[in-house]
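Data block below; observations after.
Quick note: residue numbers are just sequence positions, from 1. All values derive from a computational prediction rather than experimental measurement. Counting convention: from 1, in listed order, for ligands and their atoms alike.
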Amino acid sequence: MKKALITGSSGFVGGYLRQELLANGYEVIGLDVQEAEQTIKADLLNAEQTKAVIERVKPDCIFHLAGQANVARSWKIPQKTVEINVVGAVNLMEAVRNCCPNAHMVLVGSSDQYGVLGEAGKLVSETIQPYPQTPYAVSKQAQEEMARVFARAYGLNICMTRSFNHGGAGQKEGFMIPDFAAGIVRVERGEADCLKVGNLTARRDFTHVRDIVRAYRLIAEHGQSGEVYNIGSGITYSAQEILDKMCQMSNCTIRIEQDSAKMRPSDTPVICCDHSKLTRDTDWEPELGLDRILVDTLEYWRNQRNG
Ligand SMILES: Nc1nc2c(ncn2[C@@H]2O[C@H](COP(=O)(O)OP(=O)(O)O[C@H]3O[C@H](CO)[C@@H](O)[C@H](O)[C@@H]3O)[C@@H](O)[C@H]2O)c(=O)[nH]1
């Protein structure tokens with residue numbers, strides 16, 4: 001049985017990845033700053049602690065999900081974002097180099113690394129030079145560059161991803177779809193009289209979190225070391241289109257208000273994924289569409305409020 005370690009295992013994606021790996025015959029151990037079952041409590045910013053965990057677990061594969069994933073927040077805490085996303089990854093790679101250099105690692109990066117692209121709507125492939133425009137994107141680009149250096153110089157088995165937007169039940173507020181869902185539920189319950197939104201012109205490529213974690217497993221199993229893989233559906237929707245769909249899923253009339261506090265200093269206008277490299281190497285295809293993400297997220301928030 002293969003032993004997998006998930007960093008950031010208590011986060012939104014971590015729970016789904018754990019299920020995906022268990023369903024496919026892996027033994028799964030988590031590493032997180034929060035205590036949880038089947039999870040070792042450790043801080044990746046502490047190099048000694050990180051090394052001790054890797055030495056003890058000696059995993060066959062490692063999925064590095066831990067990090068500061070909120071783009072809007074990265075403008076408020078740029079130092080912390082860089083520290084967690086870059087130093088955390090370096091501590092992990094150093095530990096792997098010293099304790100289990102044959103382990104297969106999947107390092108999660110972001111489509112935000114591409115930044116503002118010249119041709120709106122064009123499918124973005126991994127060959128396009130990233131041009132990061134947010135503190136978060138810079139941190140993920142730096143993580144990726146460090147991983148490439150470690151893969152080349154030490155022969156570590158590392159695959160990097162540029163994961164496009166994803167969603168599903170359990171995603172916390174701070175991201176567009178759960179922000180819309182939680183806001184709609186507040187209006188439905190009479191707790192708010194309107195839904196406050198940010199920039200509605202941006203177009204994003206959304207994939208269901210279940211499809212994303214399947215891609216992570218397939219990359220660990222079939223990905224080529226040192227390579228970077230886009231993960232996304234290849235279809236974009238504007239924030240306005242997503243908002244309209246979600247409002248139609250409500251029995252209430254939702255009054256919308258634009259909130260200047262939700263506007264960002266810089267916001268990628270459009271980003272659409274070319275996933276042909278991932279499909280070529282792993283046979284991955286997205287299976288669940290945007291509507292399933294929206295239904296799952298709204299249902300999650302309605303149940304939260306009931307609970
Ligand atoms: N969060 C949020 N975003 C809003 C809102 N209204 C409009 N938006 C717009 O919706 C778009 C998507 O915002 P997010 O859901 O916060 O995602 P992101 O900035 O694209 O970052 C996400 O995707 C990356 C991959 O591209 C991920 O790497 C990152 O971790 C995150 O999940 C942005 O253009 C944002 O300005 C709102 O109320 N809340």
Completion exercise
Nearest heavy atom to atom 28 (O) of ligand 1, choosing from Ser110, Ser238, Gly109, belongs to Ser110
Practice task
Identify, for atom 36 (O) of ligand 1, the protein heavy atom at the shortest distance, and state residue, atom and that distance.
Solution key: Asp267 OD2, 2.6 Å
Practice task
With the side chain counted from C-beta on, respond yes when Ile235 and Phe206 share a heavy-atom pair under 4.5 Å apart, and no when they do not.
Solution key: no
Exercise for the section: Give a yes-or-no answer on whether the side chains of Ser225 and Arg152 include a donor-acceptor pair shorter than 3.5 Å. Expected result: no
Handout entry: Salt-bridge contact Asp267-Arg204 (side-chain N to carboxylate O under 4.0 Å)
Key = yes
Problem - Residue Asp112 vicinity, atoms of ligand 1 by number, heavy atom under 4.0 Å - result: 26 (O)
Practice task
Return the residue, atom name and 0.1 Å-rounded distance of the protein heavy atom closest to atom 39 (N) of ligand 1.
Solution key: Asp179 OD2, 2.7 Å
Practice task
Identify, for atom 9 (C) of ligand 1, the protein heavy atom at the shortest distance, and state residue, atom and that distance.
Solution key: Asn199 O, 3.5 Å
Fill in the blank from the handout: Counting from 1 in the order shown, the ligand 1 atoms closer than 4.0 Å to a non-hydrogen atom of Arg204 are 12 (C), 20 (O), 33 (C), 34 (O)
Exercise for the section: May I ask you to check whether Thr282 and Tyr229 show a side-chain donor-acceptor distance below 3.5 Å? Expected result: no
Exercise for the section: Using a strict 4.0 Å cut-off to heavy atoms of Ala202, name the atoms of ligand 1 that fall inside it. Expected result: 34 (O)
Problem - Note: Glu20-Arg217 ion pair, threshold 4.0 Å (strictly below) - result: yes
Handout entry: ligand 1 contact on Lys140 by region, counting heavy-atom pairs under 4.0 Å
Key = neither
Handout entry: Protein contact of atom 23 (O) of ligand 1 - nearest heavy atom, named by residue and atom, plus distance
Key = Asn165 ND2, 3.1 Å
Exercise for the section: Identify which of Phe12, Phe175, Phe180 has a heavy atom lying nearest to atom 32 (O) of ligand 1. Expected result: Phe175
Problem - Carboxylate-amine/guanidinium proximity below 4.0 Å for Arg186 and Glu173 - result: yes
Exercise for the section: Report, in ascending order of atom number, the atoms of ligand 1 lying under 4.0 Å from any heavy atom of Lys262. Expected result: 37 (C), 38 (O), 39 (N)
Practice task
Any atoms of ligand 1 less than 4.0 Å from a non-hydrogen atom of Gly198? List them with their elements.
Solution key: 5 (C), 6 (N), 7 (C), 38 (O)
Problem - Protein contact of atom 21 (O) of ligand 1 - nearest heavy atom, named by residue and atom, plus distance - result: Val71 CG2, 3.3 Å
Exercise for the section: Among all protein heavy atoms, pick the one closest to atom 15 (O) of ligand 1 and tell me residue, atom and distance. Expected result: Met176 N, 2.7 Å
Fill in the blank from the handout: the protein heavy atom lying closest to atom 25 (C) of ligand 1 turns out to be Ser111 OG, 3.2 Å
Practice task
May I ask you to check if ligand 1 and Gly174 share an N or O to N or O distance below 3.5 Å?
Solution key: yes
Practice task
Examine ligand 1 and decide if any of its atoms is less than 4.0 Å from a heavy atom belonging to Ser163.
Solution key: yes
Problem - Sidechain N-carboxylate O distance under 4.0 Å for Glu145, Arg148 - result: yes
Exercise for the section: Using only heavy-atom distances, determine whether the side chains of Asp205 and Ser233 contain a donor-acceptor pair under 3.5 Å. Expected result: yes
Handout entry: Any N/O pair Tyr136/ligand 1 closer than 3.5 Å
Key = yes
Fill in the blank from the handout: One finds that the ligand 1 atoms under 4.0 Å from a non-hydrogen atom of Ala69 are 29 (C), 30 (O), 31 (C)
Problem - Side-chain H-bond candidate by donor/acceptor type, Arg162 with Tyr114, under 3.5 Å - result: yes
Practice task
Determine, for Arg210 against Glu287, whether the closest basic-nitrogen to carboxylate-oxygen distance falls under 4.0 angstrom.
Solution key: no
Exercise for the section: Taking the side chain as every heavy atom from C-beta outward, state whether Leu22 and Gln19 have any atom pair closer than 4.5 Å. Expected result: no
Practice task
Would you mind checking which non-hydrogen protein atom is closest to atom 13 (O) of ligand 1, with the distance to 0.1 Å?
Solution key: Arg264 NH2, 3.4 Å
Problem - SB check Lys140 Asp112 (cutoff 4.0 Å) - result: no
